[in-house]
Amino acid sequence: MTATTETARTPEPERGSAIADESVAQTARALHSPVVDWFTAHARDLPWRRPEAGAWGVMVSEFMLQQTPVNRVLPVYEQWLRRWPRPADLAAEPPGEAVRAWGRLGYPRRALRLHGAAAAIAERHGGDVPREHPQLLALPGVGEYTAAAVASFAYGQRHAVLDTNVRRVFARAVNGKQYPPNATTAAERKMARALLPEDESTAARWAAATMELGALVCTARTPACGQCPIVQQCAWQLAGAPEHVGPSRRTQTYAGTDRQVRGKLLAVLREAVGPVPQAALDRVWGDSVQRARALDGLVADGLVEPLPGGVYRLPLS
DNA sequence: TAACCGTGGGC
DNA sequence: TGCCCAAGGTT
């Protein structure tokens with residue numbers, strides 16, 4: 001059994017004065033070179049960072065990496081791109097095939113949305129992943145982060161890329177706090193924009209570098225400050241690395257939730273070759289009320305297709 | 001806005 | 001062991 005967590009943290013103090021802005025700009029200039037140089041030396045050789053990955057490879061990786069660790073994404077990513085090297089290849093297959101190939105990455109609605117994004121790309125964009133942030137944002141499953149990430153990593157554009165890693169790096173290095181706020185704030189977006197290097201290609205490199213720093217060094221639990229290229233300028237370190245004080249963290253249990261039941265139901269359908277009789281689904285969970293609710297939810301989400309006679313399968317459309 | 005949406009590994 | 005965490009998005 002496992003649990004997911006949510007964290008209640010105190011909001012950071014707001015500030016947006018001209019003096020503060022200039023201070024941020026000075027901070028930025030002092031951070032760019034060390035962070036980018038560190039990235040040059042220490043970046044992981046991940047398949048979606050290689051030139052041959054292309055924009056589609058970047059987009060696939062971004063979908064898979066939404067809340068799923070790199071190590072679990074790697075094998076599925078390789079299979080996925082081998083099978084569907086272009087968006088139109090994926091769009092040509094039923095959405096259920098995307099759900100099946102998603103395997104155990106979790107949050108299978110992402111598979112459905114990636115399939116939907118591929119279909120939209122094939123139909124509206126001539127089969128090429130769009131370059132513009134607004135067009136990316138309009139694709140299913142693409143939010144502010146993913147749109148900025150694809151535009152930056154795939155097309156070298158200048159965007160503030162604010163993921164959980166970057167938010168943590170900035171919270172510490174700039175704001176002197178152990179953790180960023182629970183939800184992304186306008187102040188964080190503003191700061192991220194202010195910290196962006198002017199030069200487009202440097203900005204894209206900075207985005208990748210700050211993410212990598214958060215993933216490898218400035219980690220959530222036990223940061224490796226001894227290996228940090230900006231430890232001497234880190235506001236959190238300079239403040240003595242104070243631990244978060246405030247509302248205690250709330251944890252949401254996973255065991256016994258509808259999510260767990262949905263996962264068990266979908267696992268049966270993923271591994272089945274053809275349609276699955278109701279009886280096979282009934283075996284995964286004892287509580288029939290909750291089981292029915294979970295199955296209804298999967299159908300409502302388009303992850304499962306009900307057939308006449310109490311038989312179910314992954315969706316063909 | 002807060003709740004919901006999977007799964008597995010580290011400590 | 002059980003909690004914490006992981007390149008978010010949608011409603």
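Fair warning: this is a prediction, and the values are worked out from it, not measured in the lab. Side chains are part of it too, since the values below use all heavy atoms of this structure and drop only hydrogens, waters and symmetry mates. Letters go in sequence order (proteins before strands), and every chain restarts at 1.
- Annotation: proximity of residues 262-278 of chain A to DNA chain B (heavy atom, distance under 4.0 Å) is found for A:Arg262, A:Gly263, A:Arg270, numbered in ascending order.
- To the nearest angstrom, C1' of C:dC5 lies 14 Å from CD of A:Gln178.
- Comparing the P positions of B:dC5 and C:dA7 gives a spacing of 22 Å, expressed to the nearest Å.
- The shortest distance between the side-chain N/O atoms of A:Tyr254 and the OP1/OP2 oxygens of B:dG6 is not below 4.0 Å.
- Between the side chain of A:Arg167 and the backbone N or O of A:Glu188, no donor-acceptor pair lies under 3.5 Å.
- For the pair A:Trp56 (side chain) and A:Trp84 (backbone), a donor-acceptor distance under 3.5 Å is present.
- In this model, the phosphate group of B:dG8 is approached by a side-chain N or O of A:Arg104 to a distance below 4.0 Å at OP1 or OP2.
- Counting any heavy atom pair closer than 4.0 Å across all strands shown, A:Arg168 reaches sugar-phosphate atoms only and no base atom.
- One can place CG of A:Leu303 at 18 Å from P of B:dC4, the figure rounded to the nearest angstrom.
- In this structure, A:Gly106 reaches the bases: a heavy-atom distance under 4.0 Å links it to at least one base atom across the strands shown.
- Taken residue by residue, residues 33-49 of chain A places no heavy atom nearer than 4.0 Å to DNA chain B.
- In terms of the salt bridge (charged side-chain N to carboxylate O under 4.0 Å, His left out) criterion, residue partners of A:Glu305 (sequence neighbours excluded) are, by chain and number, A:Arg313.
- The 12-atom threshold is exceeded at CZ of A:Arg49, counting heavy atoms of other residues, nucleotides or ligands nearer than 6.0 Å.
- The pair A:Arg100-A:Glu93 does not count as a salt bridge, with every side-chain nitrogen at least 4.0 angstrom from each carboxylate oxygen.
- One interatomic measurement links the two molecules: CZ of A:Arg113 to P of B:dG6, which rounds to 9 Å at whole-angstrom precision.
- Look at A:Gln67 and you'll find a side-chain N or O under 4.0 angstrom from OP1 or OP2 of C:dG8.
- A donor-acceptor contact shorter than 3.5 Å is absent between the side chain of A:Glu97 and the backbone of A:Pro94.
- Between A:Gln260 atom CD and B:dT7 atom P there is a gap of 9 Å when expressed in whole angstrom units.
- Residues A:Val60 and A:Trp48 are not in side-chain contact: their nearest non-hydrogen atoms beyond the backbone lie 4.5 Å or more apart.
- No hydrogens or angles considered: a donor-acceptor pair under 3.5 Å links the side chains of A:Thr40 and A:Arg205.
- A side-chain donor-acceptor contact under 3.5 Å links A:Trp236 to the backbone of A:Pro242.
- The residue among A:Ser61 and A:Pro140 whose nearest nucleotide of DNA chain C lies closer to the 5′ end is A:Ser61.
- Whole-Å rounding puts the A:Leu65 CG to B:dG6 P distance at 18 Å.
- Atom CD in A:Glu144 sits about 12 Å away from atom P in C:dT10, given to the nearest Å.
- Residue A:Met64 contributes atom CE, which lies 13 Å from atom C1' of C:dA7 at whole-angstrom precision.
- Without hydrogens or angle criteria, A:Glu212 side chain to A:Ala43 main chain gives no donor-acceptor distance under 3.5 Å.
- Under the 30°/60° scheme for interplanar angles, the aromatic rings of A:Trp206 and A:Phe170 are found to lie parallel.
- Between A:Arg291 and A:Asp282 a salt bridge is recorded (basic side-chain N to carboxylate O distance below 4.0 Å).
- For the contact set between residues 68-78 of chain A and DNA chain B, defined by any heavy atom under 4.0 Å, the members are A:Thr68, A:Arg72.
- Counting to the nearest Å, the P atom of C:dC5 and the OH atom of A:Tyr107 are 14 Å from each other.
- Near DNA chain B, meaning a heavy atom under 4.0 Å from it, residues 195-223 of chain A has A:Arg221 in order of number.
- Between the side chain of A:Ser152 and the main chain of A:Ala149, no donor-acceptor pair closer than 3.5 Å is present.
- A distance of about 16 Å separates the C1' atoms of C:dT1 and B:dG8, rounded to the whole Å.
- Of all non-hydrogen atoms in A:Leu137 and A:Glu144, the two that sit nearest each other are CD1-N, 3.6 Å.
- For residues 111-155 of chain A, the set of pairs meeting the ring-ring contact (aromatic ring centres under 6.0 Å, His included) definition, not counting sequence neighbours, comprises A:His133-A:His159.
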